[in-house]
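Residue numbers start at 1 and run along the sequence shown. Just so you know, ligand 1 is whichever comes first in the structure, and atom 1 is the first atom listed for that ligand.
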Amino acid sequence: MDKLKEECGVFGIFDPDGKDVAHSIYYGLMALQHRGQEACGMAVSDTAGPVGNYRCVKDAGLVSEVFHEKNLKEIKGNLGIGHVRYSTTGGSRPENAQPLVISYIKGTLALAHNGNLVNTTDLKWELIQNGAVFHTTTDSEVIAFYLARERVHTQSVQEAVAATARKLSGAYALVIMSPKKLIGMRDPYGLKPLCLGKRENSYILTSESCALESVGAEFIRDVKPGELIAISASGIESSFPLAKERCAHCIFEYIYFSRLDSHLDGISVYDARIAAGKALARSHPVTADLVTGVPDSGLPAAKGYAEQSGIPFGMAFHKNSYIGRTFIKPSQTERENSVHIKLSVLTAAVKEKRVVLVDDSIVRGTTMKNLVRMLKGAGAREVHIRISSPPFRFPCYFGTDVPSGDELIANRYSLDEIRQMLGADSLGYLSLDDLSDMVNGLPVCRGCFDGKYPMVIPEPKELPFWCGE
Ligand code: AMP
C-alpha cells in the first residue's frame, strides 16, 4: 500500500465579531501554496449558528483551482481551518484531501494536519480491532478517531486533544475546528512549524508567518513545542499537556520548505539561507567569474556565497514560473524532462565563464545533472557545484518527502563519484557544523543528514493492505 508522506500547510482563523473568514483562509492558503500543491481545502462554521452546521470545500488542485469567487461567497462562517497538501504516492486519492471533517458527540469537528506520525500503524491496529472503519489512508484520520473517542469522557475539546496527543508519536502541527473553538497543537519536539497571529479581534494559527502577512495579520509568536492553544469567544488559552522533550525543529524548513519571507522559531528563513551560502564560500572557495543559484531554492544561498567570496552574483537560468515543483513528477523520465521545461539557460550570461552553481540540496541528482549539462552546452568553461546543506543520506520519518535510500545519490556514491556523475568540475556541501550555525544553534532535527532522530522510530506494524500505511 502506498505510504503517504505529508508535507503540508495549515491555517485556522476565528473571528469573534462574527465576520466571514473564507476569504482570509483562501489568501492564507495561497501564501502556503509552496508547502503543497496537490490538494487543498477549507472547512468553515458559524459559531452563532446551529451546532454541526458547517461547509467544507476540498479537492485535488491548487488553491486557485479549487476556490473561486462563487464558492468562496457561499462558504459562510466566522470559524474555519484550511489545508494545502503535498504527498508523493497515493496522493491523487481525493478522499485524502483535508480538512478532514467528522461528526462526533459534540457536533462537527474538522482537522488539518502537517507532519507524519511514526506510530500510525500501532494506533490504527488498535482502532481496527475495536471496529473502526477508515475512509482515507492518512494518519490524520487516526488522530480524528482518537479525538472523537476521547471527547466522550472529557470536559472540553482541549482535554480530548491533550489525551489524543499523549498517544501520538511523531511530527504534528494541528489546527482543529470544534463547534465553538479553534485549537492548535504542536508536537513536543516542535518538528513542524506553527505560529499565532492576530488581526483586529481575530486570532490565526498557521504554519508560516508569511501566511499572516498575506491576510494583514500581525505575528504574535510561534506556538511552542508541545503547546496546545485554544481560541474561543472568551479569549485564548495556552497549556502544555505533554511531558517536555528536547526541541528538534525540522532543519529542512530552513533549507528548502519554508517561504523565504517567513521566520520560524525566531529565525528568518532568508537569513539562514544567506548564512549557509556564506559558510559554503568559506569552506569551499573556488576561483570563478559568476555565482548563480538554481531558481528559486538556490538563489539566497548563492547570494550569500557571492557576498562572502566577492565573486559577482548573476542569473544563469530563466524559470518558467507556471510549472510546479519538479519533484512531484512520479517517474524518473518525467522528472528529467521537467527540469528542461522549468528552467532554460541564459547563454549570454554564462558563455566562457567559470560558474559557481548553488542549490539547497541534491536528492537524486536529476536537477543538477541537467543544469550542469545545460550550462556546459551554453559554453560555460567550468561548473562548480555548491550545496547549502550536507549530503542527503537518510530517510525522514516526519513528513519530508525523501525517496528510498538507494535513490538518494549521496547514499550510494562518494563525493567524487557524485561530482563525476553530475559532470561538474568541483562539488562542495555544507558541513554539519555550518548547518547548526545557519540557524544560530537552534536545536534541530537533522536526521536526513546524520541519521540521528529525536525519538525512537518504531517498526511499522503489518496492517491488512486495505488499511494503508
Ligand atoms: P534532485 O533533482 O532529485 O536531486 O532534487 C533536488 C531538487 O529538489 C533541489 O532543487 C531541491 O530544491 C528540490 N528538493 C529537495 N528536497 C525536496 C523535497 N522534499 N520536495 C520537493 N523538492 C525538493
What do you reckon, is CZ of R166 surrounded by more than 12 foreign heavy atoms closer than 6.0 Å? yes
For E459, does the CD atom have more than 12 heavy-atom neighbours from other residues, nucleotides or ligands under 6.0 Å away? no
Which of these, D360, L371, I255, V339, has its nearest heavy atom closest to atom 11 (C) of ligand 1? D360
Pick from Y256, F257, Y86: the one approaching atom 17 (C) of ligand 1 most closely through a non-hydrogen atom: Y256
Close-contact set for ligand 1 against [X] heavy atoms, below 4.0 Å:
X	result
T366	1 (P), 2 (O), 3 (O), 4 (O)
G365	1 (P), 3 (O), 4 (O)
F252	16 (N)
S297	10 (O), 12 (O)

With Y146, the side-chain hydrogen bond (donor to acceptor under 3.5 Å, both in side chains) member among E126, E141, K167: E126
Geometric N/O contact [X] with ligand 1, under 3.5 angstrom:
X	answer
V294	no
I362	no
R364	yes

Using the test ring-ring contact (aromatic ring centres under 6.0 Å, His included), find all partners of Y429 that sit at least two apart in sequence or belong to another chain. none
Assess whether a salt bridge exists between E208 and R35, defined as any Lys/Arg side-chain N lying under 4.0 Å from an Asp/Glu carboxylate O. yes
So S140 and L111, do their side chains get closer than 4.5 Å, heavy atoms only? yes
So L109 and V101, do their side chains get closer than 4.5 Å, heavy atoms only? no
Using a 4.0 Å heavy-atom cut-off, which part of T367 comes near ligand 1: side chain, backbone, both, or neither? both
